[in-house]
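All remarks here apply to the structure that follows.
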Amino acid sequence: MIRDEFASLVARALTDAQAAGDLPAFAAPEVELQHPQRPEHGDYSANLPLRIQSLVRMRAVEIATALQRHLPSHEALAEARVAPPGFLNLYLAPGWVASQAAAIARDGERFATSDRGAGARVQVEYVSANPTGPLHVGNGRGAAIGSTLANVLRAWGYNVEEEYYINDAGTQVAIFARTLYARYQQTFGRDAPIPENGYPGEYVAQVARRIRDEEGDRYLQAEGDEPDPRLGERGIELMLEEIRRDLEAIGVRYSNWYSERTLQAEGGPYHTVLAQMRERGHVVEREGAVWFASSEIGEEKDNVLIRSDGVPTYFATDIAYHFDKLVTRRFDRSLDIWGADHQGHVSRLKAAMRALDASPDGLDVVLYQLVTLKRGDRVVPLSKRAGELVTLADVVEEVGADATRFFFLLPSAGAAMDFDLDLAKRRSEENPVYYVQYAHARIRGILDRAGEAGLSAAGADATLLTHDAEQTLVRRLLLLPEVIETVVGELAPHHLPHYAQDLAQAFHVFYTQCRVVDEQEPELSRARLLLLEATRVVLARTLGLMSISAPDRM
RNA sequence: GCCCUCGUAGCUCAGUGGACAGAGCAGCGGACUUCUAAUCCGCGGGUCGCAGGUUCGAAUCCUGCCGAGGGCGCCA
């Protein structure tokens, strides 16, 4: 991308200036270019002179001038100017900018793809909510972040798999099964109370009714007997069916659903890992429980692996799960998207990977802060255990899948977010996502109109794109690769919806100022149609990376 | 008590070592005989939580304090 090419120009200017004796020899830091806020400061700006002025013992302006003198020429570079207190500002050549409209239109769907990932195998695991209830709003945020990162990594040449880890073992599942059995008995008129700590939500009763309707009383035991374990399993299946459907409704599809139970199978990862940890001396027994002696390898505390009742903890199975990813299944990277309530889990899981020599550097965790759902001023409780709850499906139904995803992606993962349903609903027509989608629909409309007028971009002369609005738009298009690189590097998908809005704005301004279909000016029309095609491609790609639709009309 | 994250315009949020701090929404005022007005143009709005420090330069880094959320050996 052009930023990298310009950066290497500056780096070469530096070494050339040193060779010529205009600058003293020293080990220079890597050249980083930024976009100045003000257009008069150019398209790219090098602050290298300011950063090295104390090393070189020259004034930054003098360093910048030396760099300017040795800067190699480049077809995309119009000029370089020295600006106080010591910036070297680079200006794109308008002719080159215009030519990029043709290049982008030609690249089409391949624009802003890269092979930098070099086929490295990355597994992105996200949502992975307990199958003991419907997905809530917080899960939706994880889904939007995880699936978008997966899309972006794929575009950057990584070999990506998306996985949902099913917590179908352990305490919560057992409680769910007991609750379900109580509800199931109630459908047959028995006075079966919901167990203490059980799930009070109405949805469990709905599952119970469905099972009764479809399978009758086959799971009914004699009064007072233990529930049939198959009932709980059936309930989990039905919950997973619902979860899968809710996720598909916002464009999320997994390559793999991984069951926690299979981890614990005879000879499975759980037993392998526990044996290895014992062998390596990382396990101690105390107070009837089995512990990971993590305090001996730099953690604050030891952590329980097997509870005194013999049941493995979530932590223990999660170690096995990640060992399975990184060692057995040989993923180069395991990228986990977790809610901030799992924050304390990160460092001890990495410690466990270290203890097992299981490439802890391959484990990345993106933590997203929790979502507060609001209706106006009223905070809506999200707890799965509260009786009343607003599910992800409810939100999607109210706001729509595209707007839901866009809203979830907008704030950075590290910032807690308020999701005001009333606001999202009331302003649905002024939603930023519609602003972006409308740009795409408008382009389609113009392309249709051009077709009717017998005009196309074939044989267009891109150099006619000299209008300010045209130049600004192409410059905006050229940013997508930089945005993607940032998203990949920082694992921060929120840059995409912000870019999408900037891009849409540049288009809407162009639309207002520049007439495209004009039979009096067929040459200019052709050039502008080319620009439209390039813009359409980039808009569609940006939306596609967020799994948001790019409509042809609105 | 300790640890993590956050605190930027009335609201929701970008910006995390550069040049005069930005967007959307909300408010006010304009623009449709012209490819979709779900649009565009203009105006007002900020002690960047507070106080120190580092730096040529701090919303950004460091320290302390205040506030919000989350976490802290047998929930997941």
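Numbers restart at 1 for each chain; the letters A, B, ... are given by sequence-line order, proteins then strands. This is a predicted model, so every value here is computed, not measured.
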- Task: Using whole Å, report how far CG of A:Leu367 lies from C1' of B:G71.
- Result: 11 Å
- Message: Classify A:Ala441 by what it touches in the nucleic acid, base, sugar-phosphate, or nothing, heavy-atom distance under 4.0 Å.
- Response: base
- Item | Interatomic distance where CD belongs to A:Glu519 and C1' belongs to B:C35 [whole Å] | 10 Å
- Query: How does protein contact run along nucleotides 12-17 of chain B, one letter per nucleotide 5' to 3', with B for base contact, S for sugar-phosphate only, - for none, heavy atoms under 4.0 Å?
  - Reply: SSSS--
- Does OP1 or OP2 of B:A76 have a side-chain N or O of A:Thr171 closer than 4.0 Å? yes
- Give the rounded distance in Å between these two atoms: CD1 of A:Ile337 and P of B:A76. 22 Å
- Query: When all nucleic acid strands are considered with a 4.0 Å heavy-atom cut-off, which category describes A:Gln513: base, sugar-phosphate, or nothing?
  - Reply: nothing
- Message: Given B:G24, B:G70, B:G18, identify the nucleotide with an atom nearest to the side chain of A:Leu50.
- Response: B:G18
- For atom CG of A:Asn139 and atom P of B:A76, their distance in whole Å: 17 Å
- Query: Taking the inter-plane angle between the rings of A:Phe315 and A:His345 on a 0 to 90° scale, is it parallel (under 30°), tilted (30 to 60°) or perpendicular (over 60°)?
  - Reply: perpendicular
- Report the distance from atom CD of A:Glu296 to atom P of B:G73, rounded to the nearest whole Å. 19 Å
- Message: Heavy atoms from C-beta onward define the side chain here; which of B:A19, B:C75, B:G18 lies closest to that of A:Gln172?
- Response: B:C75
- Look at the side chain of A:Thr512 and decide which nucleotide, out of B:U39, B:C74, B:C41, has an atom nearest to it. B:U39
- Query: Taking N and O atoms by type only, does the side chain of A:Ser45 place a donor or acceptor under 3.5 Å from a partner on the base of B:A19?
  - Reply: yes
- Item | side-chain N/O A:Arg449 vs B:U34 OP1/OP2, d < 4.0 Å | no
- Using the purine O4'-C1'-N9-C4 or pyrimidine O4'-C1'-N1-C2 torsion, is B:C62 syn (within 90° of 0) or anti? anti
- Query: What nucleotide among B:U39, B:C4, B:C75 has an atom nearest to a side-chain atom of A:Tyr435?
  - Reply: B:U39
- Query: Minimum heavy-atom separation for A:Ala80 to A:Gln68, with atom names?
  - Reply: O-NE2, 2.8 Å
- Query: Is any side-chain N or O of A:Arg38 under 3.5 Å from a base N or O of B:C20, one able to act as donor and the other as acceptor?
  - Reply: yes
- Each stem that RNA chain B is part of, given as range with range (3 or more consecutive Watson-Crick or G-U pairs, under 3.5 Å): B:1-7 with B:66-72, B:10-13 with B:22-25, B:27-31 with B:39-43, B:49-53 with B:61-65
- Query: Parallel under 30°, tilted from 30 to 60°, perpendicular over 60°: which one fits the rings of A:Tyr165 and A:Tyr258?
  - Reply: tilted
- Heavy atoms under 4.0 Å, any strand shown: does A:Arg553 hit a base, just sugar-phosphate, or nothing? base
- Task: Please answer whether the main-chain N or O of A:Glu299 pairs with a side-chain N or O of A:Arg348 as donor and acceptor at a distance below 3.5 Å.
- Result: no
- Which nucleotide sits closest to the side chain of A:Phe87: B:G24, B:G18, B:C74? B:G18
- Just how far, in rounded Å, is P of B:A23 from CZ of A:Arg476? 12 Å
- Query: Partners of A:Glu233 by side-chain contact (heavy atoms from CB on, under 4.5 Å), sequence neighbours excluded?
  - Reply: A:Arg261
- Query: Hey, do the aromatic rings of A:Tyr126 and A:Tyr254 have their centres closer than 6.0 Å?
  - Reply: yes
- Item | Donor-acceptor pair, side chain of A:Arg405 and main chain of A:Met546, under 3.5 angstrom | yes
- Shortest non-hydrogen contact from A:Asp324 to A:Pro269? OD1-CG, 3.9 Å
- Message: Below the 4.0 Å mark, does B:A37 have OP1 or OP2 next to a side-chain nitrogen or oxygen of A:Tyr511?
- Response: yes
- Which nucleotide sits closest to the side chain of A:Gln369: B:A76, B:C40, B:G69? B:G69
- Query: A:Gln505 has a side chain; which of B:G73, B:C40, B:C35 sits nearest to it?
  - Reply: B:C40
- Message: Less than 6.0 angstrom separating the ring centers of A:Phe510 and A:His467, yes or no?
- Response: no
- Should A:Arg348 be listed as having a side-chain N or O under 4.0 Å from OP1 or OP2 of B:G73? no
- Rounded distance in Å - NE2 (A:His342) to P (B:G70): 15 Å
- Item | Whether A:Phe408 and A:Phe419 hold their rings parallel, tilted or perpendicular, with breakpoints at 30° and 60° | tilted
- Length of the line joining A:Tyr368:OH and B:G71:P, which is rounded to integer Å: 13 Å
